[in-house]
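What follows is a set of notes on a single structure, which appears directly below.
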Amino acid sequence: MLDLKFVRANPETVKEGLKKRGISVSLDEFLKLDEKRRSLLTEVEELKSKRNTVSEKIGEMKKAGEDASKMIEEMRQVGDQIKELDAQVKEVEEKMENELLSIPNIPHESVPFGESDEDNEEVRRWGEPRKFDFEPKAHWEIGEKFDILDFERGAKVAGARFTFYKGLGAALERACINFMLDLHTREHGYVELFPPFMVNSGAMIGTGQLPKFAEDMFKIENSDYWLIPTAEVPVTNIYGGEVLKEDQLPIYHCAYSACFRAEAGAHGRDTRGLIRQHQFNKVELVKFSKPEDSYEELEKLTANAEKVLQLLELPYRVVTLCGGDLGFSAAKTYDIEVWLPSFNAYREISSCSNFEDYQARRANIKYKPKKGKASYVHTLNGSGLAVGRTVSAILENYQEADGSIIIPKLLRPYLGGLEKIEAK
RNA sequence: GGAGAGAUGGCUGAGUCCGGUUGAAAGCGCUCGACUCGAAAUCGAGUAGGCGGGGCAAAACCUCGCCUCGUGGGUUCGAAUCCCACUCUCUCCGCCA
């Protein structure tokens, strides 16, 4: 959420910033509401002030045994006016709140202009995509061949975009999760959380999924619970409504969670394999930092996510998302894209963002500096990494001519020393 | 699921029966100052947030006002205090992985 005072004072800056996203928002209506709100407030506050002073006087008169019935009658009428005006204020404020919650974050100045993922700017590459001297198989073919991924039965018991991992497939998924969590907690200084997989609407508003993107998520019937689309939601909201101490910052959390996404509007895209599932696993990195440090923290967070791919020896590239491809709440995002032979392309495996104070304002997360007033922290997060896509990348990049799959060295301890998956 | 207790500032905790200088005692913590070579101890001062108006180009800051004692409603001239609903926490019982 943008700062109301900032929008009021700098509507042109806001419009200009949103232009980078390719959206033009008219703030005229909003600013008109703002003016209306303020004039209503002036009016109603004057009445309330009057009521307060007169009520006090009534108390004194009663104590002195004097008759105050005339004043009481007058104040009764004032009370009715106040009630009427308060209702108007509430209505205006609700409209404004809705409006404000629906305005996306303003992109950072370093974010490139552009309309779609084609306009994202490549920052760096790591590793060299392998040249196969045979026709490499897609991970879904490999998964079925070894009977370690069962898409058909996933569809049978749940539906499209659900999968059973089986045997070494399940073990590989679990090994990746543990490998990532161990790396981030032991080497990168993150404190692990195991979050709730469902949250309430307040948390979803806090990180920006609501009110605009309800159709992208799964809602639990007859309750205010939503299945989390990412651990970002519970983990970022963990300090919602709190004032942190300066010396607590920066806070680093990592968390494994299952993620649930409705994938509305993705019909026909990535229908095969593990790339786009309604339920997938992810290890998430979340940071809370002082505003002046957040962009440095974004670089470090991205490097922490990249480290996973480096250790697994999977080639990748990093891109800066252009304005048109930027997520709703983010000010700047780096996507890490892993090489997937079946696509003959790099595919997103992590998205690392700085939200600046956008989420902090919505979730009301502040910190108190040693000197000065409490102000909003900056929040960041990134996948470290999406696990299903990591498994896909391993299966595809590590396949051999004889059909076997080499296990990356650092994962072997997590699989009882297993060196390769091969036909029995 | 049943019965009961509770929710007050950064924290602990009074006030709630009996509505009116209580936005809130006291203590702790924190900040600044004094003392000290320095620290501790001691002493003094300060210390909730949000919104709106004015001062101001703006921020800081100052000032006036409004709102906030879990949340939302109600009663009343006036509510932390009375009534209703909800949420959460704790204790006991039942059930359960």
Side-chain angles (χ1 to χ4, degrees), chain A residues 1-14 30-97 99-101 194 196-206 220 222-226 234 237-249 251 288 291-292 357 360-377:
Chain A
M1 180 162 56
L2 301 180
D3 183 12
L4 170 60
K5 285 179 193 161
F6 181 81
V7 177
R8 182 187 297 151
N10 311 283
E12 287 312 312
T13 312
V14 173
F30 182 75
L31 293 174
K32 217 174 275 174
L33 281 173
D34 180 48
E35 259 175 57
K36 186 173 181 194
R37 167 171 177 268
R38 281 184 289 163
S39 77
L40 282 170
L41 277 181
T42 309
E43 197 180 343
V44 74
E45 283 180 7
E46 223 163 83
L47 288 174
K48 283 179 178 175
S49 176
K50 184 178 175 190
R51 181 176 69 180
N52 288 345
T53 50
V54 173
S55 288
E56 203 172 317
K57 202 174 282 170
I58 290 171
E60 283 164 19
M61 287 175 74
K62 279 203 164 183
K63 208 175 277 179
E66 297 171 42
D67 176 36
S69 54
K70 207 175 149 199
M71 284 173 133
I72 289 174
E73 176 52 34
E74 196 186 330
M75 285 309 104
R76 189 174 291 156
Q77 282 171 24
V78 169
D80 289 343
Q81 287 178 55
I82 289 172
K83 204 176 266 185
E84 166 68 23
L85 287 169
D86 267 344
Q88 287 182 41
V89 170
K90 194 176 170 184
E91 196 189 322
V92 171
E93 283 186 342
E94 273 170 9
K95 274 188 197 160
M96 290 179 68
E97 174 89 352
E99 189 73 26
L100 214 47
L101 286 174
F194 198 110
F197 288 7
M198 294 184 222
V199 298
N200 58 36
S201 300
M204 287 295 191
I205 288 170
I220 306 297
N222 301 323
S223 78
D224 187 38
Y225 295 141
W226 302 76
N237 280 286
I238 191 172
Y239 301 117
E242 296 188 30
V243 179
L244 304 167
K245 292 199 175 70
E246 182 176 16
D247 54 20
Q248 285 179 270
L249 298 174
I251 294 173
F288 303 83
E292 60 267 33
D357 63 4
R361 185 171 288 111
R362 293 170 80 110
N364 193 20
I365 307 168
K366 296 185 170 181
Y367 79 105
K368 175 96 173 73
K370 286 261 186 301
K371 284 177 186 171
K373 289 177 71 174
S375 62
Y376 294 108
V377 300

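Labels below follow one simple rule: chain letters A, B, ... track the order of the sequence lines, proteins then strands, and each chain is numbered from 1.
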Which part of the nucleic acid, if any, lies within contact of [X], taking any heavy atom under 4.0 Å across all strands shown: a base, the sugar-phosphate backbone alone, or nothing?
X	value
A:Lys366	sugar-phosphate
A:Ile58	base
A:Arg361	nothing
A:Lys70	nothing

key: Nearest heavy atoms of A:Asn237 and A:Gly202, plus distance in Å   = OD1-O, 4.5 Å
Take atom [atom1] of [X] and atom [atom2] of [N], then tell me their distance rounded to the nearest Å.
X	N	atom1	atom2	answer
A:Leu40	B:C67	CG	P	16 Å
A:Arg8	B:A58	CZ	C1'	14 Å
A:Met71	B:G20	CE	P	19 Å
A:Glu56	B:G19	CD	C1'	14 Å

What pairs of donor and acceptor atoms, side-chain ones from residues 2-12 of chain A against any protein atom, are under 3.5 angstrom apart with sequence neighbours left out?
unit_1, atom_1, unit_2, atom_2, d
A:Asp3, OD1, A:Lys5, N, 3.3
A:Arg8, NE, A:Asp34, OD2, 2.6
A:Arg8, NH2, A:Asp34, OD1, 3.0
A:Asn10, ND2, A:Phe6, O, 3.1

Under 3.5 Å for both donor-acceptor distances, Watson-Crick or wobble: does [N] have a partner, and if so which one?
N	value
B:A85	B:U71
B:A24	none
B:U16	none
B:A57	none
B:G38	none
B:A3	B:U91
B:A97	none
B:G52	B:C64

ask   = Any salt bridge between A:Glu35 and A:Lys32, counting N to O under 4.0 Å?
value = no
ask   = Can a salt bridge be assigned to the pair A:Lys36 and A:Glu91 using a cut-off of 4.0 Å between side-chain N and carboxylate O?
value = no
In whole angstrom, give me the gap between the [atom1] atoms of [N] and [M].
N	M	atom1	result
B:U81	B:C69	P	8 Å
B:C66	B:A85	P	32 Å
B:G72	B:A7	C1'	16 Å
B:G49	B:G44	C1'	27 Å
B:A34	B:C17	P	47 Å
B:C83	B:A25	C1'	28 Å
B:U12	B:G70	P	14 Å

Does a side-chain N or O of [X] approach OP1 or OP2 of [N] to a distance below 4.0 Å, or not?
X	N	answer
A:Asn52	B:C66	yes
A:Arg38	B:G52	no
A:Arg51	B:G78	yes
A:Ser49	B:C66	yes
A:Lys90	B:G73	yes
A:Lys5	B:C51	yes

ask   = Looking at the side chain of A:Leu41, which of B:C67, B:C77, B:C51 is the nearest nucleotide?
value =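 Taking heavy atoms from C-beta onward, the closest nucleotide is B:C51.
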Is the backbone of [Y] close enough, under 3.5 Å, to the side chain of [X] for a donor and an acceptor to pair up by distance?
X	Y	value
A:Arg51	A:Met75	no
A:Asn200	A:Ala203	yes
A:Arg361	A:Met1	yes

query = Do other residues, nucleotides or ligands put more than 12 heavy atoms under 6.0 Å from the CZ atom of A:Phe197?
reply = yes
query = Which of residues 59-67 of chain A sit near RNA chain B, with a heavy atom under 4.0 Å from it?
reply =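 Output list: A:Gly59, A:Lys62.
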